[in-house]
S.K.: 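My structure is below; once you've seen it, I'll send some questions.
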Amino acid sequence: MDLKGFDRPDQPSETGALPAGSRSVKVMIAGGFGTGKTTMVRSVSDIKPLTTEETLTQASIDVDHLIGVTDKQETTVSLDFGRIGLNEQLVLYLFGTPGQERFWFLWNGLFKGALGAVVLVDTRRLASSFRAIEEMERQDVPFVIALNVFPDSKEHPVEEIREALDISPHTPIVACDARDKASSRDVLIALIRHLKERSAAVLESR
């Protein structure tokens, strides 16, 4: 796919319809439980997003690990879906994955046809996103790491984060606030740039 010019954001169509000649790309929003996937889809989507959140109950205490996210009231049980037009040529369809282990069986279907992914990471709970990173590598889906900054998050050098997550030096790491539309959009732009650079590198190696 030619990604030339796709890293320049523009205003989406007011009608919500895809502009003539535009291309659509499927992007995954993945990460551990409580890392902000639903929040990101909600904040950045041009349309009213589809979410499948259910209230956490006493019955789920033994299966939903709430360490570090004890104030979380809801959880995604299937997927989140949204859409954003980065410019007149490129529309991203966003699919947020469920973060809990008991819903991981849904991931294989969700990843089908995905061009790239954002892996949201809570630096207070790095291990919660290990599984998402492993899945990206297993399915050979290019991704960027988005460090979702929470109020009590501590700052860590990027290289320390990279080493702790055991990811390639070529994988971009960016900080973000998943609640903020502009910040979330910047993460998606970083992903498109990463895909563009990978595509150029493959062409040069031929």
Side-chain angles (χ1 to χ4, degrees), residues 3 5-14 16 18 22-53 69 71-72 74-76 78-99 110-111 114-126 128-129 132-133 135-136 141-153 155-156 158 161 165 167 171-197:
L3 297 174
F6 286 173
D7 56 353
R8 295 193 298 270
D10 200 348
Q11 294 298 318
S13 167
E14 293 183 0
L18 295 184
S22 65
R23 295 183 180 181
S24 60
V25 172
K26 181 178 182 180
V27 169
M28 305 305 302
I29 308 295
F33 178 52
T35 54
K37 300 177 297 297
T38 299
T39 299
M40 175 171 279
V41 173
R42 281 177 171 166
S43 71
V44 81
S45 181
D46 293 334
I47 62 172
K48 182 178 181 180
L50 166 68
T51 61
T52 57
E53 288 200 312
V69 286
D71 58 344
K72 187 171 175 60
E74 297 179 317
T75 184
T76 299
S78 179
L79 61 85
D80 299 316
F81 174 78
R83 191 190 77 189
I84 177 174
L86 289 186
N87 59 30
E88 294 181 353
Q89 294 175 291
L90 181 64
V91 175
L92 305 185
Y93 287 101
L94 311 174
F95 288 78
T97 66
L110 289 176
F111 274 81
L115 187 67
V118 171
V119 176
L120 275 164
V121 171
D122 179 350
T123 57
R124 304 168 303 174
R125 303 178 298 117
L126 288 179
S128 66
S129 291
I133 293 172
E135 191 66 15
M136 300 302 153
V141 175
F143 64 96
V144 300
I145 296 292
L147 305 178
N148 192 13
V149 180
F150 290 84
D152 57 343
S153 296
E155 290 190 16
H156 300 277
V158 170
I161 297 291
L165 296 176
I167 58 174
T171 301
I173 299 178
V174 296
C176 75
D177 182 345
R179 301 167 300 178
D180 182 73
K181 182 180 181 72
S183 181
S184 296
R185 186 185 63 179
D186 287 346
V187 172
L188 296 173
I189 292 171
L191 173 62
I192 294 302
R193 287 175 175 157
H194 179 49
L195 295 175
K196 181 179 178 181
E197 290 169 359

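None of the values given here were measured: they were computed from a predicted structure.
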S.K.: Within this structure, what is the CG-CE distance for the pair Asp80 and Met28, rounded to the nearest 0.5 Å?
M.R.: 10.0 Å
S.K.: So, for Arg124 and Asp122, which heavy atoms are closest and what is the spacing to 0.1 Å?
M.R.: NH2-OD2, 2.7 Å
S.K.: So Leu188 and Leu94, do their side chains get closer than 4.5 Å, heavy atoms only?
M.R.: yes
S.K.: For the pair Lys37 (side chain) and Gly32 (backbone), establish whether a donor and an acceptor sit closer than 3.5 Å, ignoring hydrogens and angles.
M.R.: yes
S.K.: Return the minimal non-hydrogen interatomic distance between Ala190 and Val174, and the atom names on each side.
M.R.: CB-CG1, 4.3 Å
S.K.: Less than 4.5 Å apart, side chain to side chain, heavy atoms only: is that true for Cys176 and Asp186?
M.R.: no
S.K.: List the atom of Ala178, the atom of Gly36, and the distance in Å for their closest heavy-atom pair.
M.R.: CB-O, 3.8 Å
S.K.: Counting N and O atoms only, with roles assigned by atom type, does the side chain of Ser183 sit under 3.5 Å from a partner on the main chain of Asp180, one being a donor and the other an acceptor?
M.R.: no
S.K.: To the nearest 0.5 Å, what is the distance between CD1 (Ile192) and CG (Leu195)?
M.R.: 5.0 Å
S.K.: To check you understand the geometry: which heavy-atom pair defines the closest contact between Leu191 and Gly116, and what is its length?
M.R.: CD2-C, 4.1 Å
S.K.: Does Val144 offer a backbone N or O that forms a donor-acceptor pair with the side chain of Thr171 under 3.5 Å?
M.R.: no
S.K.: Begin with the C-alpha distance, continue with both residues' side-chain angles, and end with the deciding distance and a verdict on side chain to side chain contact (heavy atoms under 4.5 Å, CB included) for Leu147 and Ile161.
M.R.: CA-CA 9 Å; Leu147 305 178; Ile161 297 291; 3.9 Å; yes
S.K.: Are any of the side-chain heavy atoms of Pro49 and Arg42 separated by less than 4.5 Å?
M.R.: yes
S.K.: Show your reasoning for whether side chain to side chain contact (heavy atoms under 4.5 Å, CB included) applies to Asp177 and Val149.
M.R.: CA-CA 6 Å; Asp177 182 345; Val149 180; 5.7 Å; no
S.K.: Should Val187 and Met40 count as side-chain neighbours, where that means a heavy-atom distance under 4.5 Å?
M.R.: yes
S.K.: Measure the spacing between CG of Leu115 and CG of Leu92 and express it to the nearest 0.5 Å.
M.R.: 9.0 Å
S.K.: Below 4.5 Å, heavy atoms only, C-beta onward: do Thr123 and Glu155 meet side chain to side chain?
M.R.: no
S.K.: Is Arg125 reaching over with its side chain to a backbone N or O of Gly34, donor-acceptor style, under 3.5 angstrom?
M.R.: yes
S.K.: Does the plane of the ring in Tyr93 sit parallel, tilted or perpendicular to the ring in Phe81? Use 30° and 60° as the thresholds.
M.R.: parallel
S.K.: Would you compute the distance between atom CG of Leu126 and atom OG1 of Thr35 and round it to the nearest 0.5 angstrom?
M.R.: 11.5 Å
S.K.: Can you list the residues that meet the salt bridge (Lys or Arg N to Asp or Glu O under 4.0 Å) rule with Lys181, with sequence neighbours excluded?
M.R.: Asp46
S.K.: Using modelled atom types and a 3.5 Å cut-off, is there a donor and acceptor pairing between side-chain atoms of Ser129 and backbone atoms of Gly31?
M.R.: no
S.K.: Within the side chain of Asn148, is there an N or O that forms a donor-acceptor pair under 3.5 Å with the backbone of Leu120?
M.R.: no
S.K.: Looking at residues at least two apart in the chain, or sitting in another chain, which of them share a ring pair (Phe, Tyr, Trp, His ring centres under 6.0 Å) with Phe143?
M.R.: none
